[in-house]
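Right, one structure below, let's go through it.
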Amino acid sequence: METTKSLLYALEQYDTDFSNIYLYEVNCLIIPNIINTINILDIELFKQKKELLNQFKSQSVMDFDVFLLLNRMKRLLNGKCYGAEVFIKTDVKKFKAICKELENAGFKPEQFRQLSSRYNLLISLIKSHSLKKKYSQIVHKIINQGQEGVKGLGKSY
């Protein structure tokens, strides 16, 4: 959360028109109706990402395979790729509004179970579902403002 606050502070000081902020899912998966950017991974790019994740030797309690598994699952959103990463792209103004509204709603990163392996993925998804829905509705309202996310992704999962 402190990194987010620092980023917002820096952007407000130096570039209030910056419009290339990409929010990535960490311990809280992005629900389909607020995804507005998909990065397609072909098999070679997927392998390269896997090799890069293997560089984190100090993260012995983390099994980055869970993120690769999620990338493979996200390919279903596109259907024509080996894997996919999903993001919420926003600008400084909306990013600030999201941070403020989530803080007002009581958001705390520790409310979400750490995705440390594929073995706790399902538990993480189930345990935090109601909070994820609550916070996602806030983000959806701010990001989309009457627009839909990526077509064909549905309203929820």
Side-chain angles (χ1 to χ4, degrees), residues 1-4 6-8 11 18-92 94-95 97-99 102 107-157:
M1 194 70 170
E2 295 307 312
T3 304
T4 301
S6 296
L7 172 64
L8 183 57
L11 289 170
F18 190 72
S19 61
N20 290 315
I21 300 170
Y22 291 87
L23 307 177
Y24 184 70
E25 51 192 10
V26 177
N27 294 343
C28 182
L29 303 180
I30 300 173
I31 62 172
N33 66 318
I34 57 177
I35 295 168
N36 60 15
T37 304
I38 297 177
N39 181 39
I40 302 302
L41 302 171
D42 64 19
I43 193 164
E44 291 305 316
L45 191 55
F46 186 85
K47 286 179 183 178
Q48 185 178 18
K49 179 177 180 176
K50 185 174 183 173
E51 287 176 26
L52 291 170
L53 289 173
N54 286 333
Q55 300 303 309
F56 291 98
K57 302 291 184 206
S58 65
Q59 300 291 328
S60 60
V61 296
M62 288 292 295
D63 177 6
F64 288 107
D65 283 349
V66 69
F67 298 108
L68 296 172
L69 176 64
L70 290 170
N71 290 161
R72 290 284 288 145
M73 291 170 51
K74 296 290 166 77
R75 79 182 187 276
L76 300 173
L77 298 173
N78 177 276
K80 300 174 186 166
C81 58
Y82 190 80
E85 298 173 319
V86 297
F87 302 88
I88 302 170
K89 182 181 180 194
T90 189
D91 57 34
V92 174
K94 288 181 181 180
F95 185 55
I98 289 168
C99 293
L102 289 176
F107 174 82
K108 292 179 179 36
E110 58 270 15
Q111 293 172 313
F112 296 93
R113 183 179 173 103
Q114 179 86 21
L115 288 178
S116 58
S117 77
R118 68 181 87 174
Y119 304 107
N120 70 5
L121 175 61
L122 188 57
I123 294 167
S124 298
L125 295 175
I126 292 169
K127 191 168 185 169
S128 61
H129 181 73
S130 61
L131 282 175
K132 186 179 306 152
K133 186 175 180 179
K134 172 186 170 181
Y135 298 138
S136 293
Q137 288 171 343
I138 292 168
V139 174
H140 181 268
K141 178 182 168 190
I142 295 167
I143 290 293
N144 291 314
Q145 296 177 347
Q147 301 173 9
E148 291 301 319
V150 176
K151 291 186 180 196
L153 297 183
K155 291 294 179 188
S156 62
Y157 62 95

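Starting from 1, each residue takes its place in the sequence as its number. The structure presented is a predicted model; accordingly, all values stated were derived computationally and were not measured.
Residues Val92 and Leu11 have side chains in contact (heavy-atom distance under 4.5 Å, counting atoms from C-beta outward). In this structure, the side chains of Asn39 and Tyr22 stay at 4.5 Å or more apart for every pair of heavy atoms. No side-chain heavy atom of Ile98 sits under 4.5 Å from any side-chain heavy atom of Ile138.
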Run the side-chain contact (heavy atoms from CB on, under 4.5 Å) check on Thr4 and Phe95 step by step: do they pass? CA-CA 10 Å; Thr4 301; Phe95 185 55; 3.5 Å; yes

Walk me through it: do Ile34 and Val139 pass the test side-chain contact (heavy atoms from CB on, under 4.5 Å)? CA-CA 8 Å; Ile34 57 177; Val139 174; 4.0 Å; yes

Could you check Thr90 against Ile142 for side-chain contact (heavy atoms from CB on, under 4.5 Å), going step by step and ending with a plain yes or no? CA-CA 10 Å; Thr90 189; Ile142 295 167; over 6 Å; no

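Partners of Ser19 under the side-chain contact (heavy atoms from CB on, under 4.5 Å) rule, at least two apart in sequence or in another chain, are Asp91. Not a single side-chain contact (heavy atoms from CB on, under 4.5 Å) links Leu76 to another residue, sequence neighbours left out.
The shortest non-hydrogen separation linking Phe46 to Tyr82 is CD2-CE2, 3.4 Å. Nearest approach of Lys74 to Ala84, heavy atoms of both residues: CB-O, 3.4 Å. Smallest separation of non-hydrogen atoms from Glu25 and Ile30: OE1-N, 2.8 Å.
If you take NZ on Lys133 and NE2 on His140, they are separated by 12.5 Å, rounding to the nearest 0.5 Å. Within the model, atoms SG of Cys81 and CZ of Arg72 stand 9.0 Å from one another, a figure rounded to the nearest 0.5 Å. Rounding to the nearest 0.5 Å places CG of Leu102 at 9.5 Å from NZ of Lys134. Atom CD1 in Ile143 sits 11.5 Å away from atom CG in Asn33 (nearest 0.5 Å). A distance of 5.5 Å separates SG of Cys99 from CG of Leu8, quoted to the nearest 0.5 Å. In this structure, CG on Leu41 lies 10.0 Å from CD on Gln48, to the nearest 0.5 angstrom.
Within 6.0 Å of atom NZ in Lys50, 12 or fewer heavy atoms from other residues, nucleotides or ligands are found, so the atom counts as exposed in its surroundings.
The side-chain contact (heavy atoms from CB on, under 4.5 Å) test with Glu85 singles out one residue from Ile40, Leu70, Leu45, Asn71, and that residue is Asn71.
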